[in-house]
Number of protein chains: 2
Amino acid sequence: MSEDEEGASAPHLPTTAYAVLGLLAFGRELTGYELRKWSMNMRFFYWSPAQSQIYAELRRLLAHGLVTERREARPGRPDKRFYRITEAGLAEFARWLRKEPVEPVVIKHSVMLRLFFGHVADPDRLSDVLDDYARWLRQQRDELSVLRPELSDAFAYPDLVAEWGELFYAAELAAVDEMRKRLRRRRER
Amino acid sequence: MSEDEEGASAPHLPTTAYAVLGLLAFGRELTGYELRKWSMNMRFFYWSPAQSQIYAELRRLLAHGLVTERREARPGRPDKRFYRITEAGLAEFARWLRKEPVEPVVIKHSVMLRLFFGHVADPDRLSDVLDDYARWLRQQRDELSVLRPELSDAFAYPDLVAEWGELFYAAELAAVDEMRKRLRRRRER
DNA sequence: ATGGGCATGTAACGAGTTACATGATTTT
DNA sequence: AAAATCATGTAACTCGTTACATGCCCAT
């Protein structure tokens, strides 16, 4: 019984678990709450899991011995819990990073989906959808450009990804613009 | 009781249901099997649901009266089922397209995620991951460019989205290239 | 005759969300 | 005084996947 206790090799956890583990791999001791905020910084390229999900993953990581928990009593309220990555946790994270095949990149592009079915919508609506999306893209881009200088030296790889993010949003913005032009041209005919 | 029978306004279905409904909105009578193949053409910008999911959605759409089912007996095997969109289905699809707020675009970029945690990986691995991703991107781009001429006139909007897809893959490819350069530069120092 | 495509079906599971609840502390 | 932030927790649910099973027909 109990397949994966202590030494059990490769517990194959969901990617979210590794994302959380990875955040702890920067070395800091963090609470679930803090982890959630950090995970929100990944929203530019990876969706942010729900709060309840993070707490669930932490419990699982703990059960696998990949993190340790330190409790701080807070009378009248649940203990505050701090998590830190273990040796085994770091090893498992490195294994995942090095050996596990990379999951396919998932895009659920609701805006493209709308446009795909454009023959049922009226052109004004499509145009609005694209405008909204462009606004959102600009906002993401701006937030990223604020975030980036905070990373720079201490976090070289996150900074690299942030740059990728900026390229990504810029390209997407250009594409949206192109689509808007095409739509306009269609309407004029 | 039974909240959503016939006339119940806005049954708020999952996006996948609308995607299936949308495919039927092109007017053809299709089987679950065919629908699955069509949905795979959306993989360039929207993930393809599992086969079982499609059949499940069709049952739900039928229960809501948004599609009709025509059965063809095949002795010794389950009936073959053809689906066609109803008036109500088309109306509901149009309502969704026009009125429902667009869900946020979801990106689960496992490659960016890997790079984000690059300090734990060895540079060779990162480089490989990027190479694999670039290969995949090129393949997607090529498949799209094959698909596109088949759409062109009859399906103007899908064609538009396909073009967006091409821009998307081209930009992503350029970004990957940039990341590879940066990585190389880091290693040389 | 063997493998692939057509075509349906379903049981079991897991990931992840929503929605709620509690209560202290800090900021406006 | 109100609102936001900190911080945890749980129950119910649904979406969606995996994995299997059946069996015909067609091409090689």
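Quantities reported herein were computed from a predicted structural model and do not represent experimental measurements.
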(message) Please report the distance, rounded to the nearest Å, between NZ in B:Lys80 and C1' in D:dT22.
(response) 17 Å
(message) Need to verify one output field. Residue with the more 5' nearest nucleotide on DNA chain C, B:Arg77 or A:Leu13?
(response) B:Arg77
(request) Anything under 4.0 Å to a heavy atom of chain A counts; send over the first and last such nucleotide of DNA chain C, read 5' to 3'. (result) C:dA15 to C:dA24
(request) Could you identify which residues of residues 19-30 of chain B place a heavy atom less than 4.0 Å from some atom of DNA chain C, listed by residue number, or say none? (result) none
(message) How long is the straight-line distance from CG of A:Leu126 back to CG of A:Leu183, given to the nearest 0.5 Å?
(response) 6.0 Å
(message) Please give me every residue in residues 48-60 of chain B whose heavy atoms get under 4.0 Å of an atom in DNA chain C, ordered by residue number.
(response) B:Gln51, B:Ser52, B:Tyr55
(message) What is the distance, to the nearest angstrom, from the NZ atom on B:Lys108 to the C1' atom on D:dT17?
(response) 12 Å
(request) Report the distance from atom CZ of A:Arg71 to atom C1' of D:dA7, rounded to the nearest whole Å. (result) 14 Å
(message) Just the rounded figure in Å: distance from C1' of D:dT22 to CG of B:Asp79.
(response) 15 Å
(request) Verify the neighbour count for atom CH2 of A:Trp38: are there more than 12 heavy atoms of other residues, nucleotides or ligands below 6.0 Å? (result) no
(request) Give a yes or no on whether the ring-centroid distance for B:Tyr18 and B:His12 is below 6.0 angstrom. (result) no
(message) Side chains of A:Glu172 and A:Tyr133: any donor to acceptor distance under 3.5 Å?
(response) yes
(message) Could you check whether B:Glu163 pairs with A:Arg182 (Lys NZ or Arg NE/NH1/NH2 to Asp/Glu carboxylate O, under 4.0 Å)?
(response) yes
(request) Determine, for A:Glu103 against B:Arg114, whether the closest basic-nitrogen to carboxylate-oxygen distance falls under 4.0 angstrom. (result) yes
(request) Run the salt-bridge test on A:Glu166 and A:Arg141 with the 4.0 Å N-O cut-off and return the result as yes or no. (result) no
(request) Write down the distance between CD (B:Glu72) and P (D:dC25), rounded to a whole number of angstrom. (result) 13 Å
(message) Just verifying a value: how many Å separate B:Leu30 CG and B:Arg81 CZ, rounded to the nearest 0.5 Å?
(response) 15.5 Å
(request) Mind checking the CG-CG spacing from B:Leu24 to B:Leu90? Nearest 0.5 Å is all I need. (result) 10.5 Å
(request) Sorted by first residue and then second, give each side chain to side chain donor-acceptor pair (under 3.5 Å) pair with at least one member in residues 117-126 of chain B; sequence neighbours left out. (result) B:Asp124-B:Arg187
(message) Can you confirm if the aromatic rings of B:Tyr46 and A:Phe116 lie within a centre distance of less than 6.0 Å?
(response) no
(request) Take the C1' atoms of the five end pairs on each side of the helix from C:dA1-D:dT28 to C:dT28-D:dA1, derive the two axes, and give their angle rounded to 10 degrees. (result) 50°
(request) Please state whether the phosphate of D:dT5, meaning OP1 or OP2, lies under 4.0 angstrom from any side-chain nitrogen or oxygen of A:Lys37. (result) no
(message) Check this one for me: any side-chain N or O of A:Tyr33 less than 4.0 Å away from OP1 or OP2 of D:dT8?
(response) no
(message) Tell me the interatomic distance from A:Trp38, atom CH2, to D:dC6, atom C1', rounded to whole angstroms.
(response) 17 Å
(request) Identify whether the distance between the nearest side-chain nitrogen and carboxylate oxygen of B:Arg74 and B:Asp79 falls below 4.0 Å. (result) no
(request) Look at A:Arg185 together with A:Glu188 and state whether they make a salt bridge at an N to O cut-off of under 4.0 Å. (result) no
(message) Looking at D:dT17, I'd like to know if its phosphate oxygens (OP1 or OP2) sit under 4.0 Å from a side-chain N or O belonging to B:Trp47.
(response) yes
(request) Using the salt bridge (charged side-chain N to carboxylate O under 4.0 Å, His left out) rule, collect all pairs that involve residues 32-57 of chain A, keeping only residues at least two apart or in two chains. (result) A:Arg43-A:Glu143, A:Glu57-A:Arg60
(request) Check the distance between D:dT18's C1' and A:Glu103's CD and give it to me in whole angstrom. (result) 17 Å
